[in-house]
Protein chains: 2
Amino acid sequence: MARELVESRRTQYTRRALRDALIELLADKPLARITVRELCERADVNRSTFYAHYPDLDSLLRDIEEDTIDWVNGTLQQLLERPDPDSVGRVIEHVCRYIADNRSHLRVLMSPQADLRFQQQLLGLIYGRIDLATQLQGTDPQEAEMRMHFAVSGSIGLLQHWLASEPTAPPETVARIITTMALPAR
Amino acid sequence: MARELVESRRTQYTRRALRDALIELLADKPLARITVRELCERADVNRSTFYAHYPDLDSLLRDIEEDTIDWVNGTLQQLLERPDPDSVGRVIEHVCRYIADNRSHLRVLMSPQADLRFQQQLLGLIYGRIDLATQLQGTDPQEAEMRMHFAVSGSIGLLQHWLASEPTAPPETVARIITTMALPAR
DNA sequence: TGCCAAACCGACACTGTGTTGGTTTACTGG
DNA sequence: CCAGTAAACCAACACAGTGTCGGTTTGGCA
């Protein structure tokens with residue numbers, strides 16, 4: 001694990017070229033329609049070099065996604081350390097602002113063209129940490145889980161629409177809508 | 001158009017074989033990992049015969065999905081003809097019951113493995129016809145659209161979870177959750 | 001500056017794709 | 001009941017992408 005942290009300048013450049021190229025291609029078409037060949041062509045990297053780094057396109061995509069996942073994890077950690085009565089709303093707003101700041105990358109990663117698994121993982125992480133269950137106390141556990149799924153998928157859909165549409169609504173508005181729709185009125 | 005309605009018994013059998021085979025395969029893996037070859041093998045249909053019917057796997061899938069779309073369209077037409085003050089809740093419940101009745105097919109078509117486009121089309125159809133906008137009267141149109149997207153995606157996620165989980169909750173419960181979360185409290 | 005890891009290159013066997021021309025087979029209408 | 005025909009079968013094709021080699025440059029760090 002520690003060894004991998006020490007990447008030579010050359011390999012870093014190659015990996016970045018591959019990652020950037022994939023993002024560019026994903027803006028045009030779904031992953032299934034992208035070939036290793038054209039990716040390498042665009043990245044100006046030899047095809048065999050690609051295979052030296054990743055077994056397939058899926059792995060490359062997951063590598064890219066990992067950065068965002070890591071950021072969210074770290075941020076959640078920080079935010080939840082200091083106790084805050086209204087933590088839920090604050091976390092959601094914080095994440096929305098992050099998304100707005102990294103719009104160009106995330107509009108691709110969050111698009112329906114991209115990887116649904118990542119999107120669910122991302123939102124599931126947030127709602128899981130927040131422990132939505134405590135917000136839904138008193139209700140039937142099976143029903144609470146269903147509401148949870150509605151909230152996660154609904155948030156994904158809203159965020160996708162937000163990132164795809166112009167002009168862009170302010171992150172605060174989006175956060176407010178998510179909060180009001182995902183959580184039961186108190 | 002009229003000509004296509006008259007299908008010989010043979011072609012009907014072939015098409016059904018292909019459709020059933022695809023449903024079976026989709027239960028195992030996503031569309032992207034399914035090849036025309038293995039589909040034909042399972043369907044016991046010659047590969048060139050497949051191409052005589054469909055240009056690619058995507059078209060076959062859309063053909064299957066069309067049946068459900070047609071049913072929903074027809075049902076909506078019927079239900080919305082007779083005016084009903086509480087039409088929204090009734091439509092949603094009706095659709096949930098249909099899904100429960102055709103569980104085996106729809107659990108595949110609705111799965112994340114399958115086609116997201118279909119799922120959005122299906123739910124978008126319902127919410128569009130219902131004209132959720134009227135439910136959201138008085139609010140900012142941009143915000144109304146965002147809530148709409150939340151509602152559609154949320155419903156999809158909930159339905160996916162519902163179809164995938166055991167034991168199965170009654171359709172009435174699911175309909176109630178969708179109604180309460182998608183529509184603003186009056 | 002010399003070393004060596006990492007990128008490049010060309011070639012390989014393999015699998016899947018669409019398409020085509022010719023054949024068999026099984027419905028259907030007379 | 002059987003002839004005609006539409007539809008399914010079959011074999012073979014050119015082509016594109018995959019994953020994996022061994023051998024060769026090349027760039028950067030010590």
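Scope of the values below: all heavy atoms of this structure, side chains included, with no hydrogens, waters or symmetry mates. Just so we're clear, the structure is a prediction, and the values are computed from it rather than from any experiment. Residue numbering restarts at 1 for every chain, and letters A, B, ... go by the order of the sequence lines.
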Can you tell me the distance, in whole Å, between the OH atom of A:Y54 and the P atom of C:dA6? 14 Å
Can you sort out the partners of A:R19 under salt bridge (Lys or Arg N to Asp or Glu O under 4.0 Å), two or more places apart, ordered by chain and number? A:D63, A:D67
Could you check whether B:E93 pairs with B:R97 (Lys NZ or Arg NE/NH1/NH2 to Asp/Glu carboxylate O, under 4.0 Å)? yes
ring-ring contact (aromatic ring centres under 6.0 Å, His included) partners of A:H161, counting only residues at least two apart: B:H149
What is the 5' to 3' range of DNA chain D, first to last nucleotide, that sits under 4.0 Å from any heavy atom of chain A? D:dG17 to D:dC29
Residues at least two apart in sequence or cross-chain that pass side-chain contact (heavy atoms from CB on, under 4.5 Å) with A:Q142, listed by chain then number, are A:D140, B:A169
I would like to know whether A:E143 and A:R147 meet salt bridge (Lys or Arg N to Asp or Glu O under 4.0 Å); could you show each step before the answer? CA-CA 6 Å; A:E143 181 165 332; A:R147 288 182 181 277; 3.3 Å; yes
With sequence neighbours left out, what residues match A:S153 under side-chain contact (heavy atoms from CB on, under 4.5 Å)? none
Comparing A:T11 with B:T35, nearest DNA chain C nucleotide closer to 5' gives the residue A:T11
For residues 68-80 of chain A, which side-chain N or O atoms pair as donor and acceptor with protein atoms under 3.5 Å away, sequence neighbours left out?
from: A:N73; atom 1: OD1; to: A:R129; atom 2: NH2; distance (Å): 3.3
from: A:T75; atom 1: OG1; to: A:W71; atom 2: O; distance (Å): 2.9
from: A:Q77; atom 1: OE1; to: A:R129; atom 2: NH1; distance (Å): 3.4

Residue list, side-chain contact (heavy atoms from CB on, under 4.5 Å) with A:T35, at least two apart or on another chain: A:R37, A:E38
Within residues 16-34 of chain A, which residues have any heavy atom lying less than 4.0 Å from an atom of DNA chain C? none
Show each protein N/O and nucleotides 23-28 of chain C N/O combination with a separation under 3.5 Å, one pair to a line.
none

side-chain contact (heavy atoms from CB on, under 4.5 Å) involving A:Q160 - partner list, sequence neighbours excluded: A:P112, A:Q119, A:I156, B:Q120
Of all of residues 40-52 of chain A, which get a heavy atom below 4.0 angstrom from DNA chain D, listed by number? A:R47, A:S48, A:Y51
Five-pair end axes of the helix from C:dT1-D:dA30 to C:dG30-D:dC1 and the angle they enclose, rounded to 10°: 30°
Stepwise, does the side-chain contact (heavy atoms from CB on, under 4.5 Å) test hold for B:L122 with B:E65? CA-CA 9 Å; B:L122 194 68; B:E65 294 168 345; over 6 Å; no
